[in-house]
Amino acid sequence: MCTRSSKTGTWASITASSDRSPGWARGSNTEDPMKQQVKAVINATLASLKASGAITFDAIPTYSVEVPKNPEHGDWSCNVAMVMSKATGKKSPELADLIVKSLVDPGAIITSIEKAGPGFLNLRLKDSVFQGVAREVLKAGQHFGRQQPKSTGKKVMVEFVSANPTGPVHIGHARGAFMGDAISRLLDAAGHDVTREFYINDSGKQVETLGRTVFKRYQQLFGATVELAEGEYPAEYVIDIAKTWKAEVGDSMLQKTEAEWLPKAIEVGIRENLKAIRSTLAMANISHDTFFSEKSLHDAGKVTSIVDVYKARGVTYEAAEGKRREKGDKVRSEESKAAKYADKQLGGTFLMTATYQENEKYLLKDEEDRVILRHDGTPVYLTADLAYHKEKYDRGYDLMVDVFGADHAGHVPRIQSGMTLLGLDQKKLQFVLVQIVRITRNGEEVKVSKRKGTLFELAELIEEAGADVCRFIFLMKTANAQFDFDLDAVHKQSKDNPVFYFQYGHARCASILKKAIEKGVTFVGPDALTEAQLARLVLPEEKMMLKKMSQLGEVVQSAADKLEPHHVLYFCQELIGDFHSYYTKYKSDPIVSEDKDKTQGRLALVSALKQTLQCAFGILGISAPEHMEAPPEEE
RNA sequence: GCUCCGUUAGCUCAGCUGGAUAGAGCGUUGGACUACGAAUCCAAAGGCCGGAGGUUCGAAUCCUCCACGGAGCGCCA
């Protein structure tokens, strides 16, 4: 994931050089419109100072215009004087003074500018600039905060969930599922053309084991006594699959040879599991555009052909066992799994994911070279995955995001190395690693174990807590932090459950608009709204909310760049908090009053807020209810 | 042993492409409904931002080292 590029270390130091900005996501200018107006004034002033010879500089460096934490510091504050100190050879306070004195403000939007602290510029803007935001939001409607669909021209793929088709979606997939979906929604809102893909591991030993288990359960349905082998799937759902199969084929499979029944059993197993997986994801409000079959890669010969490509590029070798890179000489501990399975490591064809060098420098970050063909010539999981990722590149995506569980972290450098060894741009492939979630109930951890048949399914979780609550809890934290999911708190209709705070904010807006209509006042809408009505929005709290609303587009863009949905969520929290506070503070000066112009102005504000929240919730995939039932009374 | 992730208020977590006095929710304490929804609000208390160095006008944020917690380290997928 790009924000951790320097720390995860994949490669920032090699291919991305010092460019920390993920550049790929930036389309058109999505800066907050208010901020843009401020920057225009600053830039004009600097140009004017340069023209008059007061200061000299080559180019204006990147500087920031931000909302100061302390409202006494104005509506916006700007650090340009400090940033340009070196370029102009002037001290920050001196430069700040010059800017204040010679301000060029053609649109007359600035009401005050002053130097503060070590050289900050604190600016205040005309009320009309704030008020205009309400109309802009309402005119944009459901598109507010979003870029025009596909406006960036970037093709993006997000691969997520990709649960094995050997069983239901369980709690271990939940975080990645919601995260991947929210990232997809974010990228879509940021104007990209997003494809959501599910990679089906329908090849290899696991599905074979599934097939065997299905067949045993099938035999059982005809009275046979069966015993499941180590690793086979004991859970109930396999019996259901066997029943379905029986209904379809009767007893016709009983007399077949294994070569005949096994492919059929695998097929029905995968089909039924995928059906269940899709149905669970639908409950979670998640859908994929494409399901990509690993088996199809094998069938099309793409797995063997990628090995040929590597061989042709001279980045493979044959060896009896793994070859580690020399430097550091990392020795594995005796307890490592590699040591444990050493007797099964018989050598084969290796890909130089670690030892490949250019100009006598190691180029890749993997710890050791990886087998891509076993000694008997069969490909491994990685080989298929390399073929799969090459396939993604071939399909022409500008950005590919893989949402992986943290247990796949070790897989990341291998794929990256593999792509680099094909000469592909690794920056186009980003990884989001979602850390482990510990599920607790009654203070005790609920273990996730597919093998024992005691898995806690995502479907159960959603039934218990509701889709919005689950989604919210998974999205409110960054992907790379572990956390405990408390099943007890989750279904409390109370303050322990923060999603209600958000939804109540929206419902309250809806309720006010409804109440106004009951009182015979209907909001006139953005087109009929007059300047005189808007001009009644003068309270500092009102301006603050308008200012914040205008930032949604920027927040969305930035969150999309970082692949971090939680920024949008915190944006909502602040806005809702401001609103509740405002609402309570001015209870004696209500939104709907006898003063018709003021009422219209405030209804515009509330409508704009409701619209903003609805848009933001939509980008997160959380519903925006018009009405909520009161919670049960506390005892 | 090696790699990666984390460490911020009593608890759960934001803030990290460096900015002014470090934030939110929960919990605690004390207040606010004859008014548009009290699933709300207001106030108080609560912090050597894990530790130590470094970089500079300025560090929770960037760099180095250390400590603690977690995950991974298979020719499984």
Side-chain angles (χ1 to χ4, degrees), chain A residues 3-4 6-9 19-22 62 64 66 68-70 73 77 79 82 85 91-92 116-120 164 166 201 203-207 294 321-322 328 330-334 336-342 344-348 365 367-368 370-376 378 380-382 384-385 405-413 433 435-436 476-478 480-484 486 489 493-498 500-501 503-505 507-508 511-516 518-519 566-567 569-570 573-574 577 580-581 583-585 587-588 590-593 606 627-631:
Chain A
T3 52
R4 297 183 326 214
S6 61
K7 281 192 176 171
T8 47
D19 179 14
R20 295 180 55 86
S21 162
T62 312
S64 69
E66 288 176 346
K69 277 175 254 175
N70 186 338
H73 293 149
S77 76
N79 69 349
M82 286 179 286
S85 173
K91 288 188 174 165
S92 303
F120 285 103
N164 283 329
T166 51
N201 295 124
S203 180
K205 288 179 187 168
Q206 287 189 35
V207 290
E294 179 189 346
E321 58 183 35
K330 294 162 186 167
V331 180
R332 280 188 165 126
S333 72
E334 294 299 312
S336 79
K337 288 184 185 171
K340 194 172 157 192
Y341 292 95
K344 292 181 181 169
Q345 298 170 18
L346 303 172
K365 283 282 175 79
E367 293 182 350
E368 61 185 60
R370 304 290 165 180
V371 159
I372 50 174
L373 290 181
R374 297 184 182 97
H375 74 288
D376 63 1
T378 55
V380 298
Y381 172 74
L382 174 64
D385 221 11
D407 56 344
H408 275 63
H411 203 53
V412 170
L433 293 176
Q435 292 294 321
I436 301 298
M476 69 188 292
K477 288 147 175 109
T478 50
N480 57 7
Q482 301 163 219
F483 76 99
D484 291 353
D486 183 0
Q493 297 271 314
S494 76
K495 294 179 180 187
D496 294 339
N497 212 328
F500 294 109
Y501 181 87
Q503 297 188 321
Y504 179 56
R508 189 173 233 182
S511 173
I512 291 168
L513 295 171
K514 205 174 125 202
K515 196 77 185 179
E518 282 169 17
K519 289 187 181 179
H566 74 273
H567 294 289
L569 197 147
Y570 280 89
Q573 186 179 50
E574 285 178 26
H580 284 314
S581 192
Y583 175 90
T584 307
K585 183 171 177 182
K587 267 201 158 174
S588 57
I591 291 160
V592 182
S593 68
V606 173
H627 171 78
M628 292 173 75
E629 296 301 326

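To find a chain, count down the sequence lines: A is the first, B the second, and so on, and within it residues start at 1.
- G31(B) sits 15 Å from A45(B) when the C1' atoms are compared, rounded to a whole Å.
- A syn base is found at C33(B): its glycosidic angle is within 90° of 0.
- Counting to the nearest Å, the P atom of C13(B) and the CG atom of Leu569(A) are 15 Å from each other.
- By the stacking rule of 5.5 Å between ring centres and under 30° between planes, Tyr501(A) does not stack on the base of G25(B).
- Atom CG of Leu346(A) is separated from atom CG of Asp376(A) by 8.5 Å, given to the nearest 0.5 angstrom.
- His627(A) comes within 4.0 angstrom of a nucleotide base, judged by non-hydrogen atoms across all strands.
- Here U40(B) presents its P atom at 9 Å from CE of Met628(A), a figure rounded to the nearest Å.
- Distances shorter than 4.0 Å separate some side-chain N or O of Asn480(A) from OP1 or OP2 on G6(B).
- In this structure, Glu574(A) places its CD atom 14 Å from P of C41(B), rounding to the nearest Å.
- Mapped onto RNA chain B by nearest heavy atom, Gly410(A) and Phe120(A) fall at different nucleotides, with Phe120(A) at the one closer to the 5' end.
- Backbone-only contact: Ser203(A) has heavy atoms under 4.0 Å from sugar-phosphate atoms and none from a base.
- Between the CE atom of Met82(A) and the C1' atom of U56(B) there is a distance of 13 Å, rounded to whole Å.
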- Task: For RNA chain B, just give me the dot-bracket, please: Watson-Crick or G-U, both distances below 3.5 Å, ( ) intra-strand, [ ] crossing earlier pairs, | paired with another strand, . unpaired.
- Result: (((((((..((((.....[...)))).(((((.......))))).....(((((..]....))))))))))))....
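- Closest contact between the side chain of His566(A) and the listed nucleotides A14(B), A24(B), C36(B) involves A14(B).
- When only modelled atom types and interatomic distance are considered, Asn201(A) and Glu294(A) share a side-chain donor-acceptor pair under 3.5 Å.
- Remark: C1' of U3(B) and NZ of Lys365(A) are 11 Å apart, rounded to the nearest angstrom.
- Only the C1' atoms considered, C66(B) is 33 Å distant from G25(B), to the nearest whole Å.
- The shortest side-chain heavy-atom distance between Ser511(A) and His627(A) does not fall under the 4.5 Å cut-off.
- Across the C1' atoms, C2(B) and U56(B) are found 35 Å apart, a figure rounded to whole Å.
- If you take atom C1' in U64(B) and the same atom in A43(B), they sit 44 Å apart, rounded to whole Å.
- The shortest distance between side-chain heavy atoms of His567(A) and Tyr570(A) does not fall below 4.5 Å.
- If you take atom C1' in U61(B) and the same atom in U17(B), they sit 10 Å apart, rounded to whole Å.
- You'll find the side chain of His566(A) stays beyond 4.5 Å of the side chain of Lys477(A), heavy atoms only.
- Of the candidates A35(B), A71(B), A77(B), A71(B) carries the atom nearest the Ala406(A) side chain, counting heavy atoms from C-beta on.
- Contact annotation for Lys91(A): no contact, since no heavy-atom pair falls under 4.0 Å across all strands.
- Applying the 4.0 Å criterion to OP1 and OP2 of A38(B), one finds that Lys587(A) has a side-chain N or O inside that range.
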Set out, line by line, the N/O atom pairs under 3.5 Å between protein and nucleotides 21-23 of chain B.
| residue | atom | partner | partner atom | Å |
| --- | --- | --- | --- | --- |
| U21(B) | O4 | Asn70(A) | ND2 | 2.5 |

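- Base contact: Ala116(A) has a heavy atom under 4.0 Å from a base atom.
- No side-chain N or O of Asn164(A) forms a donor-acceptor pair with one of Thr166(A) less than 3.5 Å apart.
- Within the model, atoms CG of Leu373(A) and OG1 of Thr378(A) stand 7.5 Å from one another, a figure rounded to the nearest 0.5 Å.
- With C42(B), C73(B), A24(B) as the candidates, the nucleotide lying closest to the side chain of Ser581(A) is C42(B).
- Considering only side-chain atoms of Val380(A), the nucleotide from C41(B), C75(B), A14(B) that sits closest is C75(B).
- In this structure, Arg374(A) CZ and Lys344(A) NZ are separated by 11.0 Å, a value rounded to the nearest 0.5 Å.
- With both ends at atom C1', the span from G19(B) to A59(B) equals 10 Å, rounded to whole Å.
- With G74(B), A77(B), C36(B) as the candidates, the nucleotide lying closest to the side chain of Glu294(A) is A77(B).
- Comparing Ile436(A) and Ile512(A) against RNA chain B, the residue whose closest nucleotide sits nearer the 5' end is Ile512(A).
- Side-chain proximity of Lys477(A) to C75(B), U40(B), U12(B): nearest is U12(B).
- Of the candidates A14(B), C2(B), C36(B), the closest approach to any side-chain atom of Pro590(A) belongs to C36(B).
- You'll find that the side chain of Arg508(A) is closest to U40(B), out of C2(B), A77(B), U40(B).
- When the P atom is used for both G10(B) and G46(B), the distance is 10 Å, rounded to whole Å.
- His411(A) has its NE2 atom 16 Å from the C1' atom of U3(B), to the nearest Å.
- For the pair Thr478(A) and C13(B), the criterion of a side-chain N or O lying under 4.0 Å from OP1 or OP2 is not met.
- Looking at Leu382(A) and His411(A), their side chains come closer than 4.5 Å, going by heavy atoms from C-beta outward.
- Inter-residue side-chain proximity for Leu433(A) and Asn480(A) is flagged as unmet; no heavy-atom pair is nearer than 4.5 Å.
- Straight-line distance from the CG atom of Asp407(A) to the P atom of G70(B): 17 Å, rounded to whole Å.
- Of the side-chain N and O atoms in His567(A), one or more sit less than 4.0 angstrom from OP1 or OP2 of G15(B).
- Applying the 3.5 Å distance criterion, the base of A20(B) shares a donor-acceptor pair with the side chain of Ser77(A).
- Comparing the C1' positions of C57(B) and A20(B) gives an interatomic distance of 13 Å, to the nearest angstrom.
- Going from atom CG of Asp376(A) over to atom P of C75(B) covers 14 Å, rounded to whole Å.
- Distances shorter than 4.0 Å separate some side-chain N or O of Arg374(A) from OP1 or OP2 on C76(B).
- Note on Ser511(A): a base of the nucleic acid sits closer than 4.0 angstrom, heavy atoms only.
- In this structure, Tyr583(A) reaches the A38(B) phosphate: one of its side-chain N or O atoms is under 4.0 Å from OP1 or OP2.
- Between Lys205(A) atom NZ and Tyr381(A) atom OH the span is 15.0 Å, to the nearest 0.5 Å.
- Distances were taken from every side-chain heavy atom of Val592(A) (C-beta onward) to each of G15(B), C75(B), C36(B); the shortest belongs to C36(B).
- Asn79(A) contributes no side-chain N or O that, together with a main-chain N or O of Phe120(A), makes up a donor-acceptor pair within less than 3.5 Å.
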